[in-house]
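Right, one structure below, let's go through it.
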Number of protein chains: 2
Amino acid sequence: MLTLKQDNSELVVLSVLAAGASYGYAISKDIAARSDGHFKLSASGMYPLLTKLEKNGLVTTDWEEVKAAGADPDSSGRRRKWYTLSAKGQKQLERRIEMHRQMQSILDGFVLPASGNAHTESGLAG
Amino acid sequence: MLTLKQDNSELVVLSVLAAGASYGYAISKDIAARSDGHFKLSASGMYPLLTKLEKNGLVTTDWEEVKAAGADPDSSGRRRKWYTLSAKGQKQLERRIEMHRQMQSILDGFVLPASGNAHTESGLAG
DNA sequence: ACTAGATATATCTAGTTTCGATATATCCGA
DNA sequence: TCGGATATATCGAAACTAGATATATCTAGT
């Protein structure tokens, strides 16, 4: 189980929302499902992140009152907060994806060093 | 300029040390050079990280007394702390690389969704 | 000899992030 | 009516981040 750090959490959540509006609990389950259970984003990480996304204008929100079939029409019912990717959020997602690719390619330069570059010292003057 | 977070910092530092022993300042320069200036790991991030690596037994350390050419043999000179990847550190690096690949491939599943999986709702019961 | 800038390690502090625990409340099947 | 799943949200301790600060040496230029 790989726990997502905030940077990757934001990328993943934004990606999930790019496929359509969703809400906290569903996003969390979606991430677990789409990663075969490898990724986990807990509630305590999810909600502060979604709040930040909203504050930064990357998503817009709407409350839905989920009424049970035979529920009292006067009862408030269960609240569900939907998150929709905004135009700004879409742009941010594209930026994030680009940064992610750049990070990956440079990181690969470290974890996949070209053959023949082995050295016993750092290369700087001792 | 992409600032490395601790997770990636550890991966990168371990990777640098896998190519040969080095010391804080040189590692920092090495990272900047090998990433074309894209990655930065500041001193305030580097030294606590190296200390943690040492504490966890992933690296072994040796102090070197760097004497100037005509320096007083009795002077203490500049100190330089060398870090060498241990067997445990080598194993940890391999684990980290594996995790990194796994993270990348799953993340790609989010940022490069297979065509045709678009949906307007989360897929969970509403 | 003096000076500036690079080399070199390390800590401090304020702000941010992390993560499990906790709180509240509803829905649904047995 | 009870337990587990659904659903959002905050709390607090610990870890992490990043710039500033501290100390000291080396090197090149003047």
Side-chain angles (χ1 to χ4, degrees), chain A residues 1-10 13 22-30 32-33 39-56 59 61-83 122-126, chain B residues 1-10 13 22-33 39-56 59 61-83 121-126:
Chain A
M1 168 69 72
L2 298 174
T3 300
L4 288 168
K5 295 295 159 67
Q6 182 180 265
D7 249 36
N8 284 335
S9 293
E10 191 174 314
V13 167
S22 191
Y23 53 94
Y25 190 83
I27 295 170
S28 166
K29 294 293 168 188
D30 219 16
F39 283 169
K40 184 188 177 177
L41 184 46
S42 63
S44 59
M46 174 66 77
Y47 294 106
L49 172 60
L50 288 172
T51 300
K52 201 187 78 174
L53 256 29
E54 183 183 8
K55 204 182 67 187
N56 294 348
V59 297
T61 61
D62 284 287
W63 281 102
E64 178 193 9
E65 301 293 328
V66 183
K67 293 264 170 72
D72 176 2
D74 291 339
S75 80
S76 62
R78 181 192 288 169
R79 300 185 314 153
R80 187 181 286 159
K81 196 173 184 180
W82 286 83
Y83 294 84
S122 71
L124 274 80
Chain B
M1 167 70 72
L2 299 173
T3 300
L4 288 168
K5 294 294 161 63
Q6 184 182 264
D7 248 36
N8 284 335
S9 292
E10 191 174 314
V13 167
S22 192
Y23 52 95
Y25 190 82
I27 295 171
S28 166
K29 294 292 168 186
D30 220 15
I31 289 173
F39 284 168
K40 185 188 175 176
L41 184 46
S42 63
S44 58
M46 174 66 78
Y47 293 107
L49 171 60
L50 287 172
T51 300
K52 200 188 79 173
L53 256 29
E54 183 183 6
K55 204 181 68 186
N56 293 349
V59 298
T61 62
D62 284 286
W63 281 102
E64 178 192 10
E65 301 293 328
V66 183
K67 292 268 170 68
D72 177 3
D74 291 339
S75 81
S76 61
R78 180 191 289 170
R79 301 185 313 154
R80 186 181 287 158
K81 195 173 183 179
W82 288 83
Y83 294 83
E121 302 246 336
S122 70
L124 273 79

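Each chain gets a letter, A, B and so on, in the order the sequences are listed, and its residues count up from 1.
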Quiz item: Is there side-chain contact between B:E65 and B:R79, with at least one heavy-atom pair below 4.5 Å?
Solution: yes
Quiz item: Rounded to the nearest Å, what distance is computed from the NZ atom of residue A:K52 to the C1' atom of nucleotide C:dT18?
Solution: 13 Å
Quiz item: To the nearest Å, how far apart are A:M46 CE and D:dA7 P?
Solution: 13 Å
Quiz item: D:dT25 C1' sits how many Å from B:W63 CH2, rounded?
Solution: 13 Å
Quiz item: So which heavy atom on A:L50 is nearest to which on A:V59, and how close?
Solution: O-CG2, 4.4 Å
Quiz item: From the list D:dT6, D:dA9, D:dT8, which nucleotide is the closest neighbour of the side chain of A:Y23?
Solution: D:dT8
Quiz item: Between the axis at one end of the helix from C:dA1-D:dT30 to C:dA30-D:dT1 and the axis at the other (five pairs apiece), what's the angle to 10 degrees?
Solution: 20°
Quiz item: Taking OP1 and OP2 of C:dT18, is either one under 4.0 Å from a side-chain nitrogen or oxygen of A:Q6?
Solution: yes
Quiz item: Within this structure, what is the CG-to-C1' distance between B:L49 and D:dT17, rounded to whole angstrom?
Solution: 12 Å
Exercise. Compare every heavy atom of B:A43 with every heavy atom of B:P48, then report the nearest pair and how far apart it is.
Key: CD-O, 3.9 Å
Exercise. Quickly work out the A:R79 CZ to C:dA25 P distance and round it to whole Å.
Key: 11 Å
Quiz item: Nearest to the side chain of B:Y47 - C:dT11, C:dT18, D:dA7?
Solution: C:dT11
Exercise. Can you tell me the distance, in whole Å, between the CZ atom of B:R80 and the C1' atom of C:dA10?
Key: 16 Å
Quiz item: What closest approach, in Å, do A:S28 and A:L41 show between heavy atoms, and which atom pair accounts for it?
Solution: OG-O, 3.5 Å
Quiz prompt | Minimal non-hydrogen separation, B:Y83 against B:Y23, with atom names | solution = CD1-CA, 4.1 Å
Quiz item: Between C:dT9, D:dA9, D:dA5, which one does the side chain of A:Y25 approach most closely?
Solution: D:dA5
Self-check item: Side chain proximity check, A:I27 to A:M46, heavy atoms < 4.5 angstrom
Solution: yes
Quiz item: Taking NZ, NE, NH1 and NH2 as the nitrogens, is one of them in B:D7 or A:K5 under 4.0 Å from a carboxylate oxygen of the other?
Solution: yes
Quiz item: Between atom CG in B:D62 and atom C1' in C:dA8, what is the gap in whole Å?
Solution: 17 Å
Could you go over nucleotides 18-21 of chain D and give all protein N or O partners under 3.5 Å, atom names and distances?
{"residue": "D:dA18", "atom": "N7", "partner": "B:S44", "partner atom": "OG", "Å": "3.3"}
{"residue": "D:dG19", "atom": "N7", "partner": "B:S44", "partner atom": "OG", "Å": "3.1"}
{"residue": "D:dG19", "atom": "O6", "partner": "B:S44", "partner atom": "OG", "Å": "3.4"}

Quiz item: To the nearest 0.5 Å, how far apart are CG in A:L53 and OG1 in A:T61?
Solution: 11.0 Å
Quiz item: In whole Å, what is the span from the CG atom of B:N56 to the P atom of D:dA15?
Solution: 12 Å
Practice problem: Would you mind checking if B:E10 and B:K52 are paired as a salt bridge, meaning a charged N to carboxylate O distance below 4.0 Å? | Solution: yes
